[in-house]
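These numbers were taken from a predicted model, which means no experiment stands behind them. Reminder, nothing fancy here: chain letters follow the sequence lines and each chain counts from 1.
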Amino acid sequence: MITSWHNRQSCGDITEAHVNQSITLAGWVDTTRDHGQLLFIHLRDRSGTMQIVCDRNQNEGIYNQSKALRSEFVVLITGTVHMRSEHTINSDMLSGTIEVAATTITVLSKAKTPPFMVSEKSSEKMDVTVDEDTRLQYRFLDLRRSPMQHYIIGRSRMIRSLRNTLDAAQFIDIETPFLTKSTPEGARDYLVPSRTHKKAFFALPQSPQLFKQLLMMSGFERYYQVVRCFRDEDLRPNRQPEFTQLDIEASFINEADIRNLTHSLLAAAFDSNGIAIPNAFPCMTFDDAMNRYGSDAPDTRFGLTFTDLTAHFTPCNYGIFTTIIESGGVIKGFALPQLADHISKNALQNDLAKTVIQACGGKGLTWIKVRPDNQFESNVAQFFTTEQLLASRDALNAKPGDIMLLVADTSLDTVNTVLGKLRLHLANRFNLIPKGVFSGCWVIDFPLFEETDAGLASRHHPFTQPAEAIHEDMSPSQLLAIKARAYDIVINGQEIGGGSIRIHDPQQQALIFKCLRLSDADIDQKFGFFINALAYGTPPHGGLALGLDRLASIILDAPSIRDVIAFPKNRVAFCPLTKAPSTVDQHQLNELHITHIDDPLL
RNA sequence: GGAGGCGUAGUUCAGUUGGUCUAGAACGCCGGCCUGUCACGCCGGAAGUCGAGGGUUCGAGCCCCUUCGUCUCCGCCA
């Protein structure tokens, strides 16, 4: 048996320049087409596909051998490269002008019939998508498909470009522990029981936050790591329980330095897959993002930004507005351009104003169609004066054919978030989001704290430096008004990274913990090692982490972040391939001093 | 944790008011024929615990209950 593949060439490298040469190819049988006396094979490897011809008149033995080939067999083929005759050229194939007349075929591996077709002709041309759980169960076959190879290889290229950029800027790649200490803030930890320390647990890191700050204290000045992070929370289409971050920290820097570095990284990442991005992304304050887009991750690929109309309706004859204004509420809205003739009164009244707005978290929606000649059409137009309608129209910059959509509520936050969800809903529904566009922005001036059921909490994390002075005796509402030296980078409405300038002064750090109502005992138990380290000479420092799964899915235009992860978990954080997580042997539990509680009520 | 959708052949799906359903189609698979295909074509064939369990009924793929799996949205995600 001939198994000499050391001189093999790749399908994608064979061109018309190889005509009349004898070559050796190795790969998977993509398809075969048997014409009786003539059989075609599409041979696929990582680089592409090549048509192999087995002609009974030329080589009867090869033809007979080829009849036994089946999809996904692994074969070694030698043959001679030929030009195809003019009428047999396949313009859909990169190698469509040439083909290889086989002289030997060696089957290196047979294959069972796959549960779904690996060949490209399956999914793309037949418009059939296989259930994702089946794809994940047979991920090794799914990854053989050319779109998936494109995603995984593109991700590799992207990460290499990021590493090259950081290496060139003297950043040092340092690994940090996966088995580490559970920190109570933030997401739920994945826990790992310790065998050697009874009743004690490691936690998998939600991010290497404290370690990268410790590395700054150690004097490495510039650190990076492509690192897996773990959060035990419910999944979303763009969320995985384990995900990859480009984690960065540097000393003696400020926000502008971080933004410049990040931008050069993003430029390199997009460029690695052939996309040019603008020279810089604009900054938007958190307040602006909420007031104009209703989200802290504004999708800036399209307009529909909000304007406050409260003043225009003070006073008015519309009871709902009057009540809301009198209790200190606001009325805001935006103009939906040129859809007045495409959305019926019925759709506005029953679908948008009832169903959709409720799904967005709102109580109601006021719609006013703008007609030519200063005419307005609405179920509530009669409550407003012409002056009010004209002023609203001008404030929203609405044109004839537009629909003005207004939301009123006693809470500004509610109005903003409801409008924000409505904005995204309408943009998706009416295809208002341009394709192939990458629009990014920095969101800055975040609040340092936020209010939760359990009281005040850090919005970013408790190591974030306040942008202004904090005093111990400040009230919660005063503290909520304090801004943080934190920043997020948002692309196409997805938060793909964020970071902050950190606290390097132990006193300030202690003050933050105090504001968060952490007891000294709590602080010592949870962060004692870190507080201790802060006191030994900490340089001013800050950093950022980029979500590489999201970034790759944006750059590669993948339908889901799961498509740019080789072996992702499904929606319920289960791996259909390995069947993880799974139960373990009793003796393993015994070693770990773990007992199951069967009764869920216990 | 809450709400909703889906579960029928290897895959993607159809299956009407509960009664020719002895459950179909397409692709795939198996066999046969075919010398220029590339979604090859033609002929034939195999392939199903209708997710599971229970109930209603003379009769259940279809209705009801339970349960499992999965997807979507919300909560959650410093």
Any carboxylate oxygen within less than 4.0 angstrom of a Lys/Arg side-chain nitrogen, looking at A:Arg84 and A:Glu16? no
Mapping A:Glu132 and A:Lys67 onto RNA chain B by nearest heavy atom, which one lands closer to the 5' end? A:Lys67
By salt bridge (Lys or Arg N to Asp or Glu O under 4.0 Å) - contacts of A:Lys67 (at least two apart): A:Asp34
OP1 or OP2 of B:U37 sitting under 4.0 Å from any side-chain N/O of A:Arg33? no
Got a sec, which residues hit salt bridge (Lys or Arg N to Asp or Glu O under 4.0 Å) with A:Glu242, two or more places apart in sequence or on another chain? A:Arg228, A:Lys569
Mind checking whether A:His35 and A:Phe40 have parallel, tilted or perpendicular rings, split at 30° and 60°? perpendicular
Hey, is A:His35 doing a stacking thing with B:U37, by the 5.5 Å centroid and 30° angle criteria? no
Could you measure between the two C1' atoms, the one in B:G5 and the one in B:U22, and give it in whole Å? 32 Å
Pair pattern of RNA chain B in dot-bracket, where unpaired bases get dots and | marks partners in another strand, Watson-Crick or G-U under 3.5 angstrom: (((((((..((((.....[....)))).(((((.......))))).....(((((..]....))))))))))))....
Side chain A:Arg231 and base B:C77 donor-acceptor under 3.5 Å: no
Side-chain atoms of A:Thr134 come closest, of B:U11, B:G36, B:C76, to B:U11
Would you please name every residue forming a salt bridge (Lys or Arg N to Asp or Glu O under 4.0 Å) with A:Asp55, sequence neighbours left out? none
Any N or O donor-acceptor pair linking the side chain of A:Glu99 to the base of B:G36 at under 3.5 Å? yes
Contacts of A:Val418 meeting side chain to side chain contact (heavy atoms under 4.5 Å, CB included) (sequence neighbours excluded), chain-then-number -> A:Ile357, A:Cys360, A:Val407, A:Thr414
Between the base of B:C30 and the side chain of A:Arg70, is there a donor and acceptor pair under 3.5 angstrom? no
Ignoring hydrogens and geometry beyond distance, is the side chain of A:Arg84 in donor-acceptor contact with the base of B:U37 at under 3.5 Å? yes
Please determine whether any donor N or O and acceptor N or O are separated by less than 3.5 Å between the side chain of A:Asp133 and the base of B:G69. no
A:Lys421 has a side chain; which of B:C27, B:C71, B:G75 sits nearest to it? B:G75
By side-chain hydrogen bond (donor to acceptor under 3.5 Å, both in side chains), A:Gln213 pairs with (sequence neighbours left out) A:Gln209, A:His541
Is there a side-chain polar atom (N or O) of A:Asn90 under 4.0 Å from OP1 or OP2 of B:U37? no
Between B:A46 and B:G31, how far apart are the C1' atoms? Round to whole Å, please. 10 Å
With nearest nucleotides of RNA chain B determined for A:Arg571 and A:Ile89 from heavy-atom distances, which residue corresponds to the more 5′ nucleotide? A:Ile89
C1'-based separation of B:A60 from B:G15 [nearest Å]: 14 Å
Separation of the P atoms in B:U66 and B:A3, to the nearest angstrom: 12 Å
Any side-chain N or O of A:Arg236 below 4.0 angstrom from OP1/OP2 of B:U72? no
Measuring only the P atom in each nucleotide, how far is B:G59 from B:U20? A whole number of Å is fine. 15 Å
